[in-house]
Amino acid sequence: MQDFFNVQDIKDEYDIVILGAGPSGLTAGMYASRDKQDVLILEKQFPGGFVAITEWVENYPGFADGIMGADLSEKFFAHAKKYGSLIRSGNAIKIEEDGKYKLVYVENREKPIKCKAIIVGFGCEPKKLEVPGENKFYGRGVSFCATCDGSFYKDREVAVVGGGESAIEEGVYLTKFASKVHVIHRRDKLRASKLATERAENNEKMEFIYDSVVESVNGDTKVECLTVKNVKTGETSALKVDGLFVFIGQTANTELVKDLVETDEWGFIVADESTKTTMPGIYVAGDVRTKEYSQITTAVSDGTVAAKSCEKYINDNFS
Ligand SMILES: Cc1cc2nc3c(=O)[nH]c(=O)nc-3n(C[C@H](O)[C@H](O)[C@H](O)COP(=O)(O)OP(=O)(O)OC[C@H]3O[C@@H](n4cnc5c(N)ncnc54)[C@H](O)[C@@H]3O)c2cc1C
């Protein structure tokens with residue numbers, strides 16, 4: 001991902017500015033630049049979005065043997081770049097209208113970037129437990145990324161909170177390092193697919209604590225134990241662990257656009273099948289859009305549609 005941090009070559013004007021270099025944004029960039037649009041993709045962290053920090057992807061078509069998330073991200077990045085998308089480090093902080101055009105303000109850049117259309121591919125942020133100790137021990141035992149932090153827990157015990165696909169798959173991944181992975185789930189059975197559930201249940205390093213929630217994260221300078229409450233009996237108990245991994249879903253981070261486009265009651269951006277939002281010239285793709293299933297395949301599908309819809313919008317309004 002060469003040149004990602006070289007922000008000197010960003011121009012003041014583009015046809016399309018794409019916000020976020022996750023699967024949706026990189027796919028939109030690949031399609032739009034292949035169709036000869038002048039495209040800038042801005043990414044505030046690192047290209048690849050959630051995929052870049054997913055250890056192993058088994059359900060992306062064409063990779064029947066699975067692929068490392070980091071490798072898939074590299075492929076998305078290279079493909080968008082090949083057709084001419086400029087992919088650069090930048091945190092979009094404000095969007096304004098300027099007649100038919102849009103202005104994108106970027107942190108640490110004085111002049112806004114002018115464009116004909118925007119594709120929002122922000123993705124989501126991991127949901128927090130919102131319990132005492134969670135913020136205090138973030139980075140000192142509390143994590144939202146098994147790929148990033150799993151190796152710190154070699155031969156130690158950790159807990160995973162959540163019962164969905166991500167929680168269970170990431171929990172199984174953590175057994176590569178940890179001596180024991182306790183899965184704490186508030187219901188009496190997992191929500192993950194049958195395949196993932198079977199794999200987890202057959203892993204002797206995994207233990208399941210059902211009908212339970214974490215009430216607090218405790219320790220002195222790092223995580224030492226969790227207070228776990230059984231929601232059926234009301235009983236609390238202490239669970240000694242060195243790490244806590246939270247996978248309880250995502251929350252939409254749409255502060256930047258919430259006054260410009262319609263969002264639903266959870267903050268996700270409302271769009272029709274064409275990915276058009278309620279503001280002309282702003283399109284939305286990926287997890288940040290209202291949708292039933294948030295997956296890499298659905299994100300790249302949105303990215304495709306957003307790029308094509310943008311192109312039509314630009315042809316109709318700027319030629
Ligand atoms: C732990 C975990 C494991 C998963 N495993 C799988 C799997 O195996 N298979 C599968 O299909 N799906 C999986 N998913 C879901 C999949 O990763 C997402 O559906 C997909 O990444 C969504 O792509 P996206 O482009 O919408 O958003 P993201 O991947 O979240 O990317 C959004 C990008 O936008 C950037 N951004 C946000 N705000 C700004 C801003 N203001 N300015 C600039 N950039 C910004 C972010 O930094 C991020 O890089 C997993 C998710 C998680 C959390």
Side-chain angles (χ1 to χ4, degrees), residues 1 4 7 17-30 40-61 63 66-70 72-73 76-77 80 87-95 104-109 113 118-127 143-150 160 162 164-174 192-193 195-196 245-257 268-269 271 275 284-304 306:
M1 305 201 189
F4 173 62
V7 291
V17 172
I18 298 174
L19 305 179
S24 64
L26 290 172
T27 305
M30 183 268 280
L40 171 68
I41 305 179
L42 288 172
E43 167 56 51
K44 71 173 180 181
Q45 287 179 296
F46 41 79
F50 265 133
V51 180
I53 58 164
T54 297
E55 167 67 7
W56 192 244
V57 176
E58 286 187 336
N59 53 4
Y60 194 73
F63 297 94
I67 180 167
M68 302 262 297
L72 188 57
S73 298
F76 287 157
F77 183 92
I87 310 161
R88 289 292 179 259
S89 173
N91 181 19
I93 48 173
K94 191 163 88 170
I95 297 171
V104 177
Y105 291 80
V106 184
E107 197 174 12
N108 298 326
R109 189 182 206 268
I113 298 161
I118 292 174
I119 297 174
V120 176
F122 286 162
C124 297
E125 305 271 329
K127 236 187 221 164
S143 172
F144 299 88
C145 175
T147 314
C148 319
D149 300 327
V160 162
E165 195 75 8
S166 299
I168 298 313
E169 292 203 336
E170 299 299 299
V172 170
Y173 168 71
L174 285 167
S193 66
L195 181 71
F245 289 81
V246 181
F247 302 109
I248 54 168
Q250 323 292 333
T251 164
N253 185 9
T254 42
E255 201 53 33
L256 180 58
V257 289
F268 290 85
I269 300 172
T275 74
V284 59
D287 286 5
V288 74
R289 178 188 164 210
T290 49
K291 57 160 71 174
E292 192 75 21
Y293 300 108
S294 298
Q295 287 285 283
I296 306 168
T297 47
T298 58
V300 302
S301 162
D302 283 353
T304 310

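Order of appearance sets the numbers: ligands from 1, and atoms from 1 within every ligand. When reading the values below, keep in mind they use all heavy atoms of this one structure, side chains included, and skip hydrogens, waters and symmetry mates.
Considering backbone and side-chain atoms alike, E170 places every N or O at 3.5 Å or more from each N or O of ligand 1. Inclusion of G25 in the set of residues having an N or O under 3.5 Å from an N or O of ligand 1 is not warranted. For ligand 1, the polar-atom distance check against V288 finds no nitrogen or oxygen pair separated by under 3.5 Å. In terms of N/O distances under 3.5 Å, ligand 1 is approached by N59. At a 3.5 angstrom cut-off on N or O pairs, A299 does not count as close to ligand 1. For ligand 1, one of its N or O atoms has an N or O atom of A92 under 3.5 Å away.
Ranking the protein heavy atoms by distance from atom 44 (N) of ligand 1 puts K44 N, 3.1 Å first. Here the heavy atom of the protein found nearest to atom 28 (P) of ligand 1 is F50 N, 3.8 Å. Given atom 37 (C) of ligand 1, the protein heavy atom at minimum distance is F122 O, 3.2 Å. Of the protein's non-hydrogen atoms, P23 CD, 3.3 Å is the one closest to atom 23 (O) of ligand 1. Taking atom 5 (N) of ligand 1 as the reference point, the nearest protein heavy-atom neighbour is T54 CG2, 3.6 Å. Considering only non-hydrogen protein atoms, atom 27 (O) of ligand 1 sits nearest to G123 CA, 3.4 Å. Protein heavy atom closest to atom 40 (C) of ligand 1, with residue, atom name and distance, is N91 OD1, 3.7 Å. When only non-hydrogen protein atoms are considered, atom 16 (C) of ligand 1 lies nearest to I296 CG1, 4.0 Å.
Within the structure, ligand 1 has G90 among the residues with a heavy atom less than 4.0 angstrom away. Proximity of F144 to ligand 1 is not established, as no heavy-atom distance is less than 4.0 Å.
Counting heavy atoms from C-beta outward, L19 and F122 have side chains that approach closer than 4.5 Å. Using a 4.5 Å heavy-atom threshold, the side chains of R289 and I269 count as separate. In this structure the side chain of V160 reaches within 4.5 angstrom of the side chain of L174, judged on heavy atoms.
Across all their heavy atoms, G48 and L26 have their closest contact at N-CD1, 4.2 Å. Annotation for I41 and A21: closest pair CG2-CB, 3.8 Å, computed over non-hydrogen atoms.
Atoms CD1 and CD1, from I95 and I113 in turn, are 11.0 Å apart once rounded to the nearest 0.5 Å. Rounding to the nearest 0.5 angstrom, the gap separating the CD1 atom in I67 from the OG1 atom in T54 is 12.0 Å.
Residues meeting the side-chain contact (heavy atoms from CB on, under 4.5 Å) test with A299, sequence neighbours left out: P23, S24. Listed by chain and residue number, D287, K291 satisfy the side-chain contact (heavy atoms from CB on, under 4.5 Å) test with S294 (two or more places apart in sequence, or in another chain).
Screening R109, Q45, E107 against N91 for a side-chain hydrogen bond (donor to acceptor under 3.5 Å, both in side chains) leaves a single residue, E107.
When the heavy atoms of I53, I18, L42, D287 are ranked by distance to atom 20 (C) of ligand 1, first place goes to D287. Closest heavy-atom approach to atom 52 (C) of ligand 1 within the set S166, A28, S24: this belongs to S166. Nearest residue to atom 48 (C) of ligand 1 from Q45, K291, Q250, E43 is E43 (criterion: closest heavy atom).
Of the heavy atoms in F46, only backbone atoms (N, CA, C, O) come closer than 4.0 Å to ligand 1.
Residue Q295 has at least one heavy-atom neighbour below 4.0 Å for each of these atoms of ligand 1: 9 (N), 10 (C), 11 (O), 12 (N), 19 (O). Atoms of ligand 1 found under 4.0 Å from any heavy atom of S294 (numbered from 1 in listed order, with element): 15 (C), 19 (O). Each of the following atoms of ligand 1 lies closer than 4.0 Å to a heavy atom of G286: 26 (O). In summary, the atoms of ligand 1 found under 4.0 Å from a heavy atom of G20, numbered by their order in the structure, are 33 (C), 34 (O), 35 (C), 44 (N). Under a 4.0 Å criterion applied to the non-hydrogen atoms of G121, ligand 1 contributes the atoms 32 (C), 33 (C), 34 (O).
Side chain of S193 to backbone of A196: a donor-acceptor contact under 3.5 angstrom is found. Formation of a donor-acceptor pair under 3.5 Å by the S73 side chain with backbone atoms of G69 is found in this model. Between the T304 side chain and the V300 main chain, a donor and an acceptor come within less than 3.5 Å of each other.
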Intermediate values then yes/no, side-chain hydrogen bond (donor to acceptor under 3.5 Å, both in side chains), T147 and E55: CA-CA 5 Å; T147 314; E55 167 67 7; 4.6 Å; no
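Here the two rings, on F76 and Y60, have centers that are under 6.0 Å apart.
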